[in-house]
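Small disclaimer: the values here were computed from a predicted structure and weren't measured.
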Amino acid sequence: MALKLGAYTACLHDRTLTEALDILKGNGLTSVEVNTGGFIPAPHCPVDLLLSSATAREEYLATFADRGMELTGLNCNGNPLNPLPGVGPKHADDLRRTIRLAGLLGVQHVVTMSGTPGSDPDAKYPSWVVNPWDGVYMDVLDYQWGVAVEFWKEIDALARENDVRVAVEMHPHNLVFSPVTLKRLVDETGATNVGAEMDPSHLMWQGMDIVASIKWLGPLVFHAAAKDATLCPGADIRGVLDSSFTRVPADAPGKVPTGYGFWCNAWPENPAWKFVAVGLGHDTAYWTEFLRALAEVNPDMAVNIEHEDAAYSQTEGLALAAKNLHSAAADL
């Protein structure tokens, strides 16, 4: 038994699926995660076709198997609780369809985010409460958790029905952004098929101990991402809860959508933190201990690289991350 090392193909969305798989294989990676909806398109997974055709599903899975690779995860990151009519309902529907598709494909894990509702029943926009020292924000959180629990009970039942486990990425701007909030979601829903996707990068910049987080969650860690982050000099004056982002023009090429009429903003020039290729924010020994902790939970767990280091091209950053991840695994 050994951890399955691979990559999430979102960084290669300008390539065909077969081209992306060949790049992963060339870097010694055998595990693959593809996008199926939510924030970004799904060029590597024809969801409608695969839901409707058993033959298409067989041919799709053969694309991976023929290369000695395994499809280990379907990724549907989004905000299924967003009150905006062009975002929340679509992301929720994408998640439900992804769970059904995972069941049909025999893929055990669906990766997503918990989502963030509005502050109250009449809210138009999502509202993320970070530090509820003022009592009014406890009222907001009570409402939001009520919305989330109702939704996630439904999702857990759907996942159980389809023999799928939903791995929630603990991501800021979501109700679930830490091990503590992940455990709260599971406890309050009584979930059996909802757990964590251990993407360490967002926990890193929040100042958490990653290995301690894995050990604390234990069997609730279902799936993992290999993604590094580092604090920058800008943290001296910005702190990690910085809001100094700027708008990206509507006609900008390559903007990343987050919903109808919305897309990602631009980072400040002197950020508090940033994503870096695996091994550049934390050394090989650190990543070896990360892998060791995951293997103690499940020695067959999939660990998929998510490349978002803007200093490197798609293929260069992926190759660097793969090299460092392989080195960490070799030291286990």
Side-chain angles (χ1 to χ4, degrees), residues 5-15 19-29 31-35 39-41 43-44 75 77 169-173 197-208 210 224-249 252-258 263-288 290-291 303-329:
L5 304 184
Y8 174 36
T9 64
C11 64
L12 299 171
H13 271 186
D14 60 337
R15 271 80 162 178
E19 289 170 340
L21 294 182
D22 289 342
I23 291 171
L24 267 57
K25 184 176 180 180
N27 284 290
L29 302 172
S31 171
V32 186
E33 185 176 322
V34 299
N35 204 73
F39 285 135
I40 61 176
H44 294 160
N75 191 305
N77 273 334
E169 180 178 350
M170 296 171 283
H171 194 297
H173 214 283
E197 188 231 16
M198 180 50 68
D199 179 340
S201 63
H202 297 287
L203 307 189
M204 288 171 177
W205 66 259
Q206 292 183 80
M208 298 182 206
I210 307 306
K227 188 177 177 186
D228 210 345
T230 186
L231 292 181
C232 303
D236 292 348
I237 57 171
R238 298 181 186 279
V240 297
L241 298 179
D242 181 39
S243 60
S244 305
F245 288 66
T246 55
R247 293 183 184 274
V248 171
K255 66 181 187 293
V256 179
T258 59
W263 48 90
C264 287
N265 294 317
W267 287 58
E269 291 185 6
N270 181 30
W273 61 273
K274 64 181 179 180
F275 297 124
V276 293
V278 171
L280 299 188
H282 297 79
D283 62 17
T284 300
Y286 181 99
W287 284 97
T288 296
F290 171 74
L291 295 177
V303 185
N304 295 327
I305 295 166
E306 186 174 355
H307 168 49
E308 290 190 17
D309 188 334
Y312 293 88
S313 73
Q314 299 152 291
T315 54
E316 289 173 336
L318 185 60
L320 178 59
K323 176 185 175 182
N324 291 334
L325 191 63
H326 283 307
S327 295

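- Contact detail for Ala225 and Pro200: the closest heavy-atom pair is O-CD, 3.1 Å.
- Annotation: side-chain contact (heavy atoms from CB on, under 4.5 Å) contacts of Pro253 (sequence neighbours excluded): none.
- Scored by the side-chain contact (heavy atoms from CB on, under 4.5 Å) test, Asp22 finds Arg67 as partners (sequence neighbours excluded).
- Taking 4.5 Å as the limit, some side-chain heavy atom of Gln314 sits within range of a side-chain heavy atom of Asp14.
- Remark: Lys323 NZ to Asn27 CG distance equals 11.5 Å, nearest 0.5 Å.
- Evaluation of the side-chain contact (heavy atoms from CB on, under 4.5 Å) rule for Ala7 yields Leu24, Leu29, Ile305, Leu318 as partners, not counting sequence neighbours.
- Annotation: the span from Ile23 atom CD1 to Thr9 atom OG1 amounts to 10.5 Å, rounded to 0.5 Å.
- For His44 (side chain) and Arg15 (main-chain N/O), a donor-acceptor pair under 3.5 Å exists by modelled atom type.
- A distance of 13.5 Å separates NE2 in His282 from CG in Asn324, rounded to the nearest 0.5 Å.
- Ring pair Phe290/Trp287 is perpendicular by interplanar angle, where above 60° counts as perpendicular and below 30° as parallel.
- Taking the side chain as every heavy atom from C-beta outward, Leu203 and Met170 approach each other to under 4.5 Å.
- Evaluation of the salt bridge (charged side-chain N to carboxylate O under 4.0 Å, His left out) test over residues 226-246, restricted to residues two or more places apart or in two chains, returns Lys227-Glu306, Lys227-Glu308, Arg238-Asp242.
- In this structure, the side-chain contact (heavy atoms from CB on, under 4.5 Å) partners of Ala311, at least two apart in sequence or on a different chain, are Asp309.
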- request: Before giving the answer on side chain to side chain contact (heavy atoms under 4.5 Å, CB included), spell out for His13 and Asn35 the whole-Å C-alpha distance, their side-chain angles and the decisive distance to 0.1 Å.
  value: CA-CA 9 Å; His13 271 186; Asn35 204 73; 4.1 Å; yes

Please tabulate, for the side chains in residues 263-277, all donor-acceptor contacts under 3.5 angstrom to protein atoms that are two or more places apart in sequence or on a different chain.
residue: Trp263; atom: NE1; partner: Val248; partner atom: O; Å: 2.7
residue: Asn270; atom: OD1; partner: Gly234; partner atom: N; Å: 3.4

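- Distance CG/Asn77 to CD1/Ile40: 8.0 Å, rounded to 0.5 Å.
- Side-chain contact between Asn304 and Asn75: absent, with no pair of heavy atoms (C-beta onward) separated by less than 4.5 Å.
- Side-chain contact between Leu280 and Tyr312: present, with at least one pair of heavy atoms (C-beta onward) separated by less than 4.5 Å.
- Counting non-hydrogen atoms of other residues, nucleotides and ligands closer than 6.0 Å to NZ of Lys255 gives a total above 12.
- Counting only heavy atoms from C-beta outward, the side chains of Met204 and Ile210 approach each other to under 4.5 Å.
- Atoms NE2 and NE2, on His202 and His173 in that order, are 13.0 Å from each other to the nearest 0.5 Å.
- Note that the NE2 atom of His326 and the OG1 atom of Thr284 stand 12.5 Å from one another [nearest 0.5 Å].
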